[in-house]
Amino acid sequence: MLSAIRSYLLPVVELYMLGLKVLLVQLFSRRFTLPVMPRQDGKVAIVTGGGRGIGYEVVRHMARLGAHVIIGGRDEQEGLAAVRRICEEYREAKVEFKKLDLASLESVRQFVQSFKERDLPLNILVNNAGVMLVPEGRTEDGFEQHFGVNYLGHFLLTWLLLDTLKDSGKCHHFSRVVNVSSSAHRIGKISLNDLNSCQCYSAHAAYCQSKLAQLLFSSHLHQELQRGGFPVSSCAVDPGMVNTALYRHLWMPLRLAQSIIALLLLRTPAEGAATVLYAALSPALEGECGGGYWANGCQEMTTPPTFEPQLQLSLWETSLQLLRLQ
């Protein structure tokens with residue numbers, strides 16, 4: 001009994017203490033300003049969760065630079081509204097919405113099949129969509145929601161699009177995979193025997209695990225691509241604590257407090273998108289320089305588990321098995 005209580009409460013305390021630390025760092029740190037990025041004419045990008053928040057700002061900026069951007073999202077009404085707003089702002093914008101539910105592996109496969117039928121290149125994939133602290137539940141395929149949406153859905157999407165990314169990349173013009181993660185990965189723990197958090201469910205622990213899994217995947221993918229000599233890079237980005245709907249499942253008193261301090265301490269979606277856009281577009285991150293973990297415009301070190309080759313490989317192989325890709 002005491003062990004179960006401890007397993008539930010410890011991640012809660014750790015996550016909120018980490019959140020407080022991040023807020024203080026944001027308060028006293030200079031916020032990263034995105035430099036002027038080159039035109040992206042002729043490039044094609046997919047941004048998951050691009051209908052609002054950070055994803056919307058990423059799509060908006062890429063479209064302004066001339067990229068053809070496809071929003072992959074679950075909410076069709078929200079996605080189409082985002083397309084209308086961007087096209088009203090930039091009349092020549094090439095932006096569209098396509099249905100993509102990351103909680104459904106079949107939806108991911110249908111999205112990729114529809115995209116590939118158009119024979120378009122793919123230069124940038126931004127894995128941005130996610131859920132945070134949602135009540136215990138399962139995806140359509142039976143996976144815990146944080147693990148299924150934040151990690152497995154994006155793993156499958158990236159895997160199925162890898163050939164197109166490789167074919168679209170060129171020397172000095174690599175294709176890029178940008179995984180939007182979180183500082184929460186620092187307190188995450190990977191339980192290879194309980195990835196669905198069945199033993200003792202904690203939404204806080206499940207969220208942190210999914211974010212650590214994203215970093216392990218991003219790092220291992222980059223290494224595999226470099227070893228194979230493919231013109232594709234993979235990196236992870238922490239956008240910081242941003243004023244978006246992601247926090248809607250916070251404990252009620254904290255949600256009220258969050259709404260009060262949002263304007264003072266949280267970054268705006270445009271500020272949160274800055275490092276994501278830098279990782280996706282900056283010429284300074286070409287080739288091997290495009291890997292790693294980025295926050296506030298700088299490459300940062302992450303926690304030791306992120307660098308464990310055996311953990312990376314074990315999670316990679318387990319994911320392939322779960323997705324029946326082997």
Side-chain angles (χ1 to χ4, degrees), residues 34-102 107-129 154 157-180 230-235 237 269-270 273-283 285-286 290:
L34 181 69
V36 176
M37 292 289 108
R39 294 285 301 178
Q40 301 295 311
D41 300 286
K43 290 190 176 182
V44 177
I46 291 175
V47 180
T48 68
R52 63 181 174 186
I54 294 171
Y56 173 78
E57 295 298 335
V58 169
V59 173
R60 178 172 168 265
H61 198 92
M62 286 184 177
R64 185 172 66 83
L65 291 174
H68 175 181
V69 191
I70 299 170
I71 296 173
R74 183 175 58 180
D75 190 328
E76 184 173 5
Q77 184 175 357
E78 177 182 81
L80 293 175
V83 170
R84 284 195 298 272
R85 290 199 305 274
I86 293 171
C87 290
E88 287 171 1
E89 188 175 1
Y90 310 116
R91 294 182 61 184
E92 297 181 358
K94 298 177 182 177
V95 59
E96 58 183 295
F97 170 84
K98 294 296 180 183
K99 181 81 171 180
L100 171 63
D101 183 358
L102 289 159
S107 176
V108 175
R109 291 188 174 94
Q110 289 177 357
F111 176 88
V112 172
Q113 181 180 351
S114 175
F115 174 78
K116 287 189 171 183
E117 285 174 352
R118 301 172 66 181
D119 200 27
L120 291 171
L122 180 59
N123 308 98
I124 304 166
L125 172 61
V126 180
N127 292 323
N128 164 77
H154 281 125
L157 178 68
T158 306
W159 179 273
L160 296 177
L161 290 170
L162 264 183
D163 286 345
T164 308
L165 286 161
K166 291 173 183 177
D167 291 341
S168 304
K170 299 178 178 64
C171 183
H172 305 303
H173 292 285
F174 275 35
S175 297
R176 303 188 187 186
V177 179
V178 179
N179 298 286
V180 181
F230 298 109
V232 186
S233 63
S234 168
C235 73
V237 173
T275 302
V276 179
L277 286 161
Y278 185 72
L281 306 176
S282 175
L285 273 65
E286 193 57 73

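Note that the coordinates shown come from a computational prediction; the quantities given were computed from them, not determined experimentally.
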(request) Can you measure from CG (Leu157) to CG (Leu100) and round to the nearest 0.5 angstrom? (result) 6.0 Å
(request) With the side chain counted from C-beta on, respond yes when Glu78 and Phe97 share a heavy-atom pair under 4.5 Å apart, and no when they do not. (result) no
(message) Do Val108 and Gln113 have side chains that approach each other closer than 4.5 Å (heavy atoms only, starting at C-beta)?
(response) no
(message) How long is the straight-line distance from CZ of Phe174 back to CD1 of Ile124, given to the nearest 0.5 Å?
(response) 14.5 Å
(message) Quick check: do Val126 and Met62 have side-chain heavy atoms less than 4.5 Å from each other?
(response) yes
(message) Test your reading of the model: is there a side-chain donor-acceptor pair from Thr158 to the backbone of His154, 3.5 Å cut-off?
(response) yes
(request) Please report the shortest heavy-atom distance between Ala279 and Val237, naming the atom on each side. (result) CB-CG2, 3.7 Å
(message) Return the CG to CD distance between Asn128 and Glu57, rounded to the nearest 0.5 Å.
(response) 11.0 Å
(message) Is there a side-chain contact between Val47 and Val69 in this structure, where contact means two heavy atoms from C-beta onward sitting under 4.5 Å apart?
(response) yes
(request) May I ask you to test the Leu277-Met37 pair for a side-chain heavy-atom distance under 4.5 Å? (result) no
(request) Count the heavy atoms of every other residue, nucleotide or ligand shown that sit under 6.0 Å from NZ of Lys94, and state whether that count exceeds 12. (result) no
(request) Please answer whether the main-chain N or O of Pro38 pairs with a side-chain N or O of Gln40 as donor and acceptor at a distance below 3.5 Å. (result) yes
(request) Under the side-chain contact (heavy atoms from CB on, under 4.5 Å) rule, what do Val95 and Cys87 come out as? Steps first, then yes or no, please. (result) CA-CA 8 Å; Val95 59; Cys87 290; 3.7 Å; yes
(request) May I ask you to establish whether Arg85 and Tyr90 are in a cation-pi arrangement, using a distance under 6.0 Å from NZ or CZ to the six-membered ring centre and at most 45° from the ring axis? (result) no
(message) I need the single residue from Asp101, Thr48, Ile70 that forms a side chain to side chain contact (heavy atoms under 4.5 Å, CB included) with Phe111. Which is it?
(response) Ile70
(message) Whether the Glu96 and His68 side chains hold a donor-acceptor pair (N or O, under 3.5 Å, no angle test) is what I'd like checked.
(response) yes
(request) Taking the side chain as every heavy atom from C-beta outward, state whether Ile46 and Asn127 have any pair of such atoms under 4.5 Å apart. (result) no
(request) Examine distances only and state if a side-chain atom of Lys99 and a backbone atom of Arg74 form a donor-acceptor pair shorter than 3.5 Å. (result) yes
(request) Search all heavy atoms of Ala93 against all heavy atoms of Ala63 and return the closest pair with its distance. (result) CB-CB, 4.1 Å
(message) I need the Lys116 NZ to Ser114 OG distance, nearest 0.5 Å.
(response) 12.5 Å
(request) Can you see which heavy atom on Gly51 is nearest to which on Ile71, and at what distance? (result) N-CG2, 3.8 Å
(request) With rounding to the nearest 0.5 Å, note down the distance linking CG in Leu281 to NE2 in His61. (result) 6.5 Å
(request) Give the minimum heavy-atom separation between Ala273 and Val58, together with the two atoms involved. (result) CB-CG2, 3.8 Å
(message) More than 12 heavy atoms of other residues, nucleotides or ligands under 6.0 Å from CD of Glu92: yes or no?
(response) no
(request) Flag the pair Pro35 / Tyr278 as yes when at least one side-chain heavy-atom distance between them is below 4.5 Å, and no otherwise. (result) yes
(request) Could you tell me whether the side chain of Arg176 reaches within less than 4.5 Å of the side chain of Val232, counting heavy atoms only? (result) no
(request) Using modelled atom types only, decide if a donor and an acceptor are shared between the side chain of Ser168 and the backbone of Pro121 within a distance under 3.5 Å. (result) no
(request) Indicate the atoms forming the closest heavy-atom contact of Gly50 with Ala82, along with that distance. (result) O-CB, 4.4 Å
(request) Going by the side chain to side chain contact (heavy atoms under 4.5 Å, CB included) test, name the single residue among Val44, Asn123, Leu125, Leu122 that passes it with Thr164. (result) Leu122
(request) State, to 0.1 Å, how close Glu286 and His172 come at their nearest heavy-atom pair, and which atoms those are. (result) OE1-O, 3.0 Å
(message) Tell me whether the count of non-hydrogen atoms from other residues, nucleotides or ligands lying under 6.0 Å of CD in Glu76 goes above 12.
(response) no
